[in-house]
Amino acid sequence: MPDLTLLIFLAFSGLILGACLVLAFSKNLVYSAFSLLGTFTGVAAFFALLGADFLAIAQLLVYIGGIMVLYLFAVLMTSGIADVKVTNRSIGLKFALPVAVILFGLLAKLIFSTEWFVVKELPEATPTTASIGNTLLTQYLLPFELASVLLLGVLVGAVSLGRREVKGD
Amino acid sequence: MISIQHYLLVSAAIFVLGLLTVATRRNALGILLGTELVLNAAALNMVIFGRYSNHMAEGSIYALFVIVLAAAEAAVALAVGLMIYRNFKTIDTVEVDDLKG
Amino acid sequence: MNTQFFIDYAWIIPLAPLVGFLINGIGTFLKLPYVRSKTVVHTIACGALLLSFIFAVGVFLHLSSLEPEARSITRYLYTWLQVGSLKADAAFLLDPLSSVMMLIITGVGFLIHVYSIGYMADDPSYSRFFTYLNLFCFAMLLLVMGDNLLMLFIGWEGVGLCSYLLIGFWFKEKANAQAGMKAFVVNRIGDFAFLLGMFLLFWTMYDYGHASVTFKEIGQHVGLIKDVEVGGWPVLVLVGILLFIGATGKSAQVPLYVWLPDAMAGPTPVSGLIHAATMVTAGIYMIGRLNFVYTLAPEALVVVATVGAVTALFAATIGFAQNDIKKVLAYSTVSQLGYMFLGMGTGAYAAGIFHLMTHAFFKACLFLGSGSVILGMHHEQDMRKMGGLKKYMPVTYWTFLLATIAIAGIFPFSGFFSKDEILWKAFEAGGHISSWYYVLWGLGIAGAMGTAFYMFRAVSMTFYGELGARAHEVPAEEASHGHDDDHGHHGHGDHTPHESPKTMTFALSVLALLSVVGGFLGIPYALGHFFHVPNFFEHWLEPVLNHGGGHHGGHHSVPPIEYGLMIFSVAIALTASYLGYLFYTKRQDLPKKFVAKFPKLHALALNKYYVDEIYQALVVNNLLRLNNFLSAFDAKVVDGAVNAVGSVVRVYSRVMGFWDATFVDGLVNGVAQLVRQLGRALRKTQTGRIQNYLYVAMLGVVILMIWRML
């Protein structure tokens, strides 16, 4: 009987790759945007498989709950719904696709030819939230704070970029 | 048992497809979707390496920072896109070619 | 009263005149309304000096409350400059010597400020005058209070500047401006030597590991370079002589005295303050301050004493024949400064400083008195046109007379004590050091006789007889032009002499009083020990000047010859005074006979020994000739060479221009064309689509990866 985790892995791999292909090649921007949902979900499942429980939840909340919705709004706002079908054309595919395929081939070769330095026995996956919180507020305090400052800056910057010009400004 | 290579292969596929999207899409929003793929692949790699080298917390934290940066990027990039749309009345990158020499 | 307060705030002493200078100066410069009020101007100026004087007295009281050894306080303000081993602080040295000088400067300075209120009352540049006067007091205080040579030098130059400004105060008259320039240039010669002396001292000390410009440190370590020689000369002697040359410029000694008589072109209070009481004594102060250098350089001391004695007699003889009352006093100042240097040169520093002080009193009094006379005579300075002023100007007369008795050295007025002390020390040095000092003593005695004579001559011509009785003696060509009589003083209708205002007579009275009693501060032991009165002044200065050598030890037995010399000098002074009185009142025929008998001698003295003319012929004319020669050289040879070079360059540049236009430009244009064509081709790759750039980047990554893996 095949390993259950392997089955799950294969199922979500399929989901991810399918979604990515739709995203990359669909002519419809709305399809592309929705297919991002599949990718994010798949990756969240991978996080869970890898034992990163906190991150899986964060991925679901932040990406799917936040970023995805943002993109959908943007897609809906920037284009007229009527000509949605032709909004997401590709160009230069005949040049880029071979290069991408070659790149993937090279990466695959790299992945299989490299002697990965891994632990012999994979430890049991334990809840990571506590250790992440600890590490963030001790060893990674400075990056953590910087990230918060960055987010604040982004907030202000996005508002200032996106606001309508005030008359007489 | 799933080995590290399996995960990395999926991650590489996401990355390459994201890159392809960025390179070929004419729609600025489509390009941004591609960047999300690329960033997600990167975050996934962090977690994979963290898991297989028994540094779960660090891997998660790096992935977390990637997510934070992705969110920041998305916000700014969408605002930039909005500005482009306002100035050019389109977000088709082929028509926005002011840098043409 | 806690006098420590005055020490803590000693910086107020120089600061107050500086503030006064700034207030009045800015007001004058910007023509602000407040300087139009004379009351405001002189209240500020005099108030500043009064404040300084109060603090100077406070410092004096504090110092006198201390043990003699502790009477040396350095008040550090800030580090002024520090370059390598040269470190100069802005710091004030408060010790007996500087406190005496401070008292003289601020005290006499204050009186002269008060006097100027009356004297300058009608001058349109009233505020400018007080501005300069305050600046001068600031610079002079800096000079005497600085704790190092550099600060002394700053003050030294500062007073020189003020002197220049004040001599040329009425600069619209060309002669006045020239007198100012003369003073400045002559002083520069001295200052140059002074700087050399400073450098020499500093570098020699540097070689011996104690580079410093601070008086205290120089004093401590100067013994190290006692035996050092430069070119066969002991270095300290060189230093002493170079510094003394600086002093001859500032203090108007032979041969650089020529500027001082001309400096009388300035307003009379200036003559009294700067050119009699304070600035010209800077040289004496400097020697007193650096007495430790001079004590180790006896040869330099001999030079100082000789120059001093020669000047004392030389200037006195010129004084015989002068008719301008201020010129008489100017030569008298030169002569008295000579006495001070004689005193310094015999190692009797305390006596020299003592004479400096008494001289400041009586000479300031004399100058102010002469100013009063000049004002009373409606700006007439020629004594031949005066006479009989006694009844018109009683206060001026009495104060002038008292000061004259003091300067003549008649017992018990102040001049007697100080001058006699110097002469006695010189005589004593003749026995102790070398018999050459006997000669100097002789010169000094002769000069003293001359002093008494010409001073009483001046008194007689001015105050006795009848007004204008001698006017016929004035040659016609001189009678037409006055001296400094056209600076806006036109208000008086009548020509009777009149007494001066209260501010002036007040200053005169105080100074006259000081001239009379000032000497009791320094009663020589020979007289004092009868009444158990010590020599306050010498004891006071002893902590600073105790390097003066062994002249203090032998006080317990007074050689009878000292009494003899005292009586002798008083007798000489009395005789000369009487002769001066007699010749110019009752027996006016005698000097005329003398002149008739020795016309050349008289002409020599009248024309100041032709020193100015000699300088003109030897120095100035030669310099001008050199100047002309250089100018001609410049015009002919240098310009010719330059023009020739110019033509050659022009031809060369034509050739080069052709080469440049054809070949160089062709090359440059060719390169430019190439770049343009390349750019035209390459710009096609710049599609403006960022994604195209991304393809290329991807391609690059792929190529790099393949290359790495193979």
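Worth saying up front: this structure is predicted, and the values here are computed from it rather than measured. Reminder, nothing fancy here: chain letters follow the sequence lines and each chain counts from 1.
- Across B/Ile61, B/Leu69, B/Val68, B/Val80, the residue that shares the most heavy-atom pairs under 4.5 angstrom with chain A is B/Ile61.
- In this structure, A/Phe104 and B/Ala12 approach most closely via the heavy-atom pair CE1-C, 3.9 Å.
- Note: A/Ser26 OG to B/Leu33 CG = 10.5 Å, rounded to the nearest 0.5 Å.
- For chain A, the nearby parts of B/Leu8 are the backbone and the side chain; heavy atoms of each come within less than 4.5 Å.
- Proximity of A/Tyr63 to B/Leu39: side-chain heavy atoms (C-beta onward) are separated by under 4.5 Å at one or more points.
- Heavy-atom proximity under 4.5 angstrom to chain B picks out A/Thr135, A/Leu136, A/Gln139, A/Tyr140 from residues 135-142 of chain A.
- Contact detail for A/Leu50 and B/Met56: the closest heavy-atom pair is O-CE, 3.7 Å.
- By the side-chain contact (heavy atoms from CB on, under 4.5 Å) test, A/Leu17 pairs with B/Ala13, sequence neighbours left out.
- Between A/Ala158 and B/Ala79, the shortest heavy-atom distance links the atoms O-CB, 3.8 Å.
- Taking the side chain as every heavy atom from C-beta outward, A/Trp116 and B/Phe49 approach each other to under 4.5 Å.
- Per-residue counts of heavy-atom pairs under 4.5 Å with chain B were compared for A/Val118, A/Thr129, A/Val99, A/Leu150; the largest is that of A/Val118.
- Two residues are said to be in side-chain contact when any heavy atoms from C-beta on lie closer than 4.5 Å; A/Phe9 and B/Tyr7 meet this criterion.
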